[in-house]
Every structure is written in C-alpha cells, then in structure tokens.
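What follows is a set of notes on a single structure, which appears directly below.
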Amino acid sequence: MIRTFLSASLGVALTLSLTACSTDVVVDDLVDDLVDVLVALESELAGGSSATGDPLTADEIEAAYADLDALPVKGRAAMTGYERDEFGHGWVDVDRNGCDTRNDVLARDLDGIDRPSGCRVLAGLLDDPYTGQLIDFVRGEGTSQLVQIDHVVPLANAWATGAQQLSEEERVAFANDPLNLLAVDGSANQQKGAGDAATWLPPNRGFRCEYVARQVEVKSEYRLWVTSAERDAIERVLDGCRPAA
C-alpha cells in the first residue's frame with residue numbers, strides 16, 4: 001500500500017516538475033528509482049519495529065564484550081577441504097534423547113507444536129527472530145522449507161575461522177549445539193548464507209543484540225576467531241545494546 005501511494009504521489013510530482021521534458025520514460029525511470037529507495041527504507045523501518053525475546057541484561061552485554069575482546073582477530077583461512085560432512089552427516093541425536101537435532105530445535109522454538117509421535121514435529125507457529133514475523137510451519141513438500149534451522153555461526157564461516165583445527169567430534173558438536181541453532185524464516189536464512197556480522201544482520205533490529213552475542217559466545221566456546229571487519233560490526237551492534245544513560 002505504501003509503495004502504491006509513493007509511486008502515485010511521486011509520479012504526479014515528477015510529471016509536474018518535468019513538464020518541460022515531457023518524456024514519460026524519464027519520469028517512469030525516476031519514479032521507479034525513487035520508489036525502490038523508499039521501499040527499501042520502509043522495509044528497514046519495518047524490520048526494526050519488532051523484537052523477539054527478552055533484551056539482553058547489562059551483565060549479558062558486558063559478558064559479550066569480554067568474550068569479544070578475548071577472541072583472536074585474524075584473516076579468513078582458505079576454504080580448502082570444506083564440505084558439509086566435515087561437521088557430521090546431517091542432523092544427529094547428540095543428546096541421545098531419541099530425536100534428531102532439527103526436531104529438537106523445532107520443538108524448542110515453535111509454539112503450539114503438533115508432535116504426535118513424541119519426536120517428529122509436524123506443525124507449529126514460529127515467532128521468527130530474524131524478521132519478527134509469525135510463520136505457520138507445516139511439515140510437507142513445499143512448506144517445510146518455510147522454516148529452516150540456521151547455524152548462527154555458519155559452518156562455512158566456522159571453517160574459515162578456526163574449525164579446521166577442531167576434531168571431528170568437536171565439529172559435529174558445533175553443528176548440533178542448541179546455542180548455535182535457531183528455527184528461522186527460510187528466506188532470511190537463504191539471504192544470510194554463510195555471511196558473518198560484517199555482511200549480514202537480522203532485518204529485525206530488536207534481535208541483533210542477542211544475535212551477535214550468540215555468535216561471540218559460540219566462537220568463544222569453540223575457540224574460533226573473528227576477522228577485523230566482523231569484530232568491528234559486532235562491536236557496533238553491542239554499542240547500541242547498552243541502555244541510554
């Protein structure tokens with residue numbers, strides 16, 4: 001609706017101001033460019049309007065700063081030898097509760113879950129931390145991918161920042177660690193890819209503090225490092241997490 005209004009309003013304004021040109025193509029191109037910019041702004045504002053979960057406490061923020069300061073800062077290692085299987089063959093049952101990690105995370109992060117067998121989650125409602133949107137999850141072809149399990153510190157990023165030096169058991173634990181896993185909007189997860197905090201942050205600004213704090217905690221736990229750009233990006237987010245004096 002906002003896009004339609006902006007397009008119409010800008011079209012009228014530009015048509016009036018560019019009467020001397022009387023070139024519809026010029027007006028249409030300018031309208032499209034300006035609308036794209038304003039829609040991007042609209043999306044950014046919308047993304048920051050919703051927060052999921054409780055805000056970090058002062059102690060949690062300070063702990064994140066301390067862990068960040070302790071992380072080594074290095075360049076990215078080569079991706080030589082990287083394969084998903086270096087972190088185990090898909091989801092496993094690391095906690096030996098009879099359910100694989102994907103179903104455990106869905107059961108943890110979704111509300112009103114339908115889990116008749118006690119393990120396999122068939123449906124539920126996700127309050128998506130990355131976008132702030134509510135998503136109905138229904139297991140099945142064409143619907144399961146709407147909710148995906150994201151590695152907060154991506155596997156490829158971990159490989160490039162120290163995971164090559166971990167044992168196979170440690171890498172499997174990393175890939176299945178609940179701290180490093182979140183059920184999220186599938187499209188947001190695809191947009192993130194293997195990006196670190198310097199290249200991708202959740203559109204939902206209200207979740208960014210917890211997001212980077214988790215990344216720092218995970219990297220600290222598994223003795224990984226950060227790049228200079230990554231560290232600076234995390235610090236900028238954390239700087240905005242402290243309550244105003």
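This is a predicted model, so every value here is computed, not measured.
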Do you know which two heavy atoms are closest between [X] and [Y], and how far apart they sit?
| X | Y | result |
| --- | --- | --- |
| Leu155 | Phe87 | O-CZ, 3.6 Å |
| Glu170 | Ser167 | OE1-N, 2.9 Å |
| Trp91 | His151 | CH2-CE1, 3.7 Å |
| Leu179 | Arg214 | O-NH1, 3.0 Å |
| Val212 | Ala197 | CG1-CB, 4.5 Å |
| Gly118 | Cys99 | O-SG, 3.8 Å |

Rounded distance [0.5 Å steps], [atom1] in [X] versus [atom2] in [Y]:
| X | Y | atom1 | atom2 | value |
| --- | --- | --- | --- | --- |
| His89 | Arg84 | NE2 | CZ | 10.0 Å |
| Glu210 | Leu182 | CD | CG | 7.0 Å |
| Trp159 | Glu83 | CH2 | CD | 8.5 Å |
| Asp239 | Cys209 | CG | SG | 10.0 Å |
| Asn189 | Trp200 | CG | CH2 | 7.5 Å |
| Phe174 | Glu169 | CZ | CD | 16.0 Å |

The single option from Asp100, Asp93, Asp95, Thr101 passing side-chain hydrogen bond (donor to acceptor under 3.5 Å, both in side chains) against Asn176
Thr101
Would the distance check show the side chain of [X] and the main-chain N or O of [Y] forming a donor-acceptor pair, the cut-off being under 3.5 Å?
| X | Y | value |
| --- | --- | --- |
| Asp109 | Ala183 | yes |
| Arg108 | Pro178 | yes |
| Arg242 | Ile61 | no |
| Arg231 | Val226 | no |
| Gln148 | Gln145 | yes |
| Lys192 | Val152 | yes |
| Gln164 | Ala78 | yes |
| Asn180 | Val153 | yes |
| Arg171 | Gly88 | no |
| Arg120 | Asn103 | no |

According to a hydrophobic-cluster definition based on side-chain heavy atoms being under 4.5 Å apart (Ile, Leu, Val, Met, Phe, Trp, Tyr only), do [X] and [Y] belong together?
| X | Y | value |
| --- | --- | --- |
| Leu201 | Leu68 | yes |
| Leu238 | Val73 | yes |
| Tyr65 | Leu71 | yes |
| Ile149 | Val92 | no |
| Tyr222 | Val216 | no |

4.5 Å side-chain heavy-atom contact, [X] and [Y]:
| X | Y | result |
| --- | --- | --- |
| Leu125 | Asp136 | yes |
| Asp177 | Val218 | no |
| Ile113 | Leu106 | no |

Using the rule given for salt bridge (Lys or Arg N to Asp or Glu O under 4.0 Å), can you reason through Arg115 versus Asp104, listing the C-alpha separation, both sets of side-chain angles and the distance that settles it, and then say yes or no?
CA-CA 11 Å; Arg115 200 181 194 186; Asp104 281 342; 3.6 Å; yes
Go through the steps for Arg76 and Asn157 under the test side chain to side chain contact (heavy atoms under 4.5 Å, CB included), then give the verdict.
CA-CA 8 Å; Arg76 292 172 61 89; Asn157 175 268; 3.5 Å; yes
Should the pair Phe207 and Tyr130 be assigned to parallel (<30°), tilted (30 to 60°) or perpendicular (>60°) ring geometry?
tilted
Determine, stepwise, if the pair Arg223 / Leu166 fulfils side chain to side chain contact (heavy atoms under 4.5 Å, CB included).
CA-CA 9 Å; Arg223 309 183 305 282; Leu166 300 179; 3.2 Å; yes
Side-chain donor-acceptor pair present, Asp185, Ser187, cut-off under 3.5 Å
yes
